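Hydrogens, waters and symmetry mates are skipped; everything else that's a heavy atom, side chains included, is used. Not measured: the values here are computed from a predicted model.
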Amino acid sequence: MFENVDEQLRDFVADPEFPHREAARQAIAFRGAGDVAALLAVYDDPHPCGMTEIIFAMAGTARPWLNWVPMPSEAIVNVANEVGRRRAEGEELTIEGLALSAAEPPSAVAACQRIAGPIDVEIAEFPEPDIRTPLRRGRYAAWRYDGERPLPTVPEPSAAAVTVLREVAGEPWPSPISGYLKAEPLGGFPVAELIGLLTHAPAAPATPRWEYLAKSTPAYWYRLLQPWVCLGILHHAGDEPWATSTRREVLVDLALGAEDWIADAALFALVTAAYREPAQRTEARELVRLRLDAATAAPRVVTIEESLARLMLITPGCTGEDRSRALAALARIERENEPEPEPKKTRKRRFWQRGD
């Protein structure tokens, strides 16, 4: 959406007639050091208007969660993308089943089955902490387990809800603030339909963007649509006071539910609400930190850990300790994902070669 963002921001700061020079300075500071306090200062400009929202979007350009949803990293998603890519190239590829060494998020499994077909997924183990166990059990849940098999808790959504989702979620958001506004039409649907969109995820829109991505990463649609739905939940029964509202209860329950993409999608919506409403910032920060702490403490791979860490870094009120925890998690994940070094090739020493 924006070209030469840093240069444009510097031009704003240098223009003595520009009324939001301080907001532009804060945007530059955020893009440099990544301190969320600077980003929050942009949104909390004392003279908010459409221009400050543009500067906020510029500050978050090409930043995870501020401009795009982190890519999924699960093994089963890699399989789904490979199957989708090869089928898009014309190959007739059939898969009857898959075996996973350990359980992965149910949304990742569902995405694979949407792309590859109704395949059987065999799971070798559910290492502790069990991915099926919510951090806190609430009234609303997206998934239930029948043994190893995740099942949606609600029926499929209506065709009308699917249509609106495709209209709303066809593109990434320029910023969470504009995403919140665009997601408003989803808020008119019942909670069960909104949760149904999360678990009975419909196919991607028939647009050039998604036709292109179908050739490389078709699973990304299923990752992207869930934060859009959660932004829509923020609009559900909007006249209810936040503290006792259905929309808050749904999002908090989903955020602390079973380990899944839906958890960080719900947290993202709560973080978005926290930008808009200062009174909600403490709770949003505490919930993101709670989920991140659970991920970093787990003695196994938590595939949403990286996305949670990146979300922590853009959460209003993120403390220095929160930031250190998130950066440490990201550094560890980067080390773990580094390719194994190739063994050095040593030249064989000939028997006549003189020693040192």
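The closest donor-acceptor contact from the side chain of R63 to the backbone of G34 lies at 3.5 Å or more, if one exists at all. Distance alone, capped at 3.5 Å, is enough to place a donor-acceptor pair between the W173 side chain and the W65 backbone. W228 contributes no side-chain N or O that, together with a main-chain N or O of G170, makes up a donor-acceptor pair within less than 3.5 Å. A donor-acceptor pair under 3.5 Å links the side-chain atoms of K182 to the main chain of V168, judged by distance alone. A donor-acceptor contact shorter than 3.5 Å links the side chain of T153 to the backbone of A141. Judged purely by atom type and a 3.5 angstrom limit, H235 has no side-chain atom pairing as donor or acceptor with the backbone of R247. Although no hydrogens or angles enter the test, the distance criterion places no donor-acceptor pair under 3.5 Å between the side chain of R114 and the main chain of Y222. Without hydrogens or angle criteria, R87 side chain to L93 main chain gives a donor-acceptor distance under 3.5 Å. Although no hydrogens or angles enter the test, the distance criterion places a donor-acceptor pair under 3.5 Å between the side chain of T319 and the main chain of D322. Between the side chain of S175 and the backbone N or O of I177, at least one donor-acceptor pair lies under 3.5 Å.
The shortest distance between side-chain heavy atoms of R323 and M312 does not fall below 4.5 Å.
Under the 3.5 Å distance criterion, with hydrogens and angles disregarded, no donor-acceptor pair is assigned to the side chains of N67 and T61. Counted by atom type alone, E74 and W261 present one or more donor-acceptor pairs between their side chains at under 3.5 Å. Counting only N and O atoms by type, the side chains of T246 and E240 include a donor and acceptor under 3.5 Å apart. One side chain, S158 or E193, offers a donor N or O that lies under 3.5 Å from an acceptor on the other.
Residue pairs that meet the side-chain hydrogen bond (donor to acceptor under 3.5 Å, both in side chains) test with at least one member in residues 98-110, sequence neighbours left out, are S107-Q226, S107-D260.
Nearest heavy atoms, N81 versus A219: OD1-N, 3.0 Å. Here the closest non-hydrogen pair linking L313 and A326 is CD2-CB, 3.8 Å.
Ring centers of Y275 and Y180: at least 6.0 Å apart, outside the cut-off.
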Could you give the side-chain donor-acceptor pairs of residues 119-129 under 3.5 Å, partners two or more places apart or in another chain?
from	atom 1	to	atom 2	distance (Å)
E128	OE1	D130	N	3.4

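V5 and L66 end up in the same hydrophobic cluster when Ile, Leu, Val, Met, Phe, Trp and Tyr side chains are linked at under 4.5 Å. Each of I333 and V77 belongs to its own hydrophobic cluster when Ile, Leu, Val, Met, Phe, Trp and Tyr are linked at side-chain heavy-atom distances under 4.5 angstrom. L327 and L311 are members of different hydrophobic clusters when ILVMFWY side chains are connected at heavy-atom separations under 4.5 Å.
Under a 4.0 Å N-O distance rule, the pair R132/E259 does not qualify as a salt bridge.
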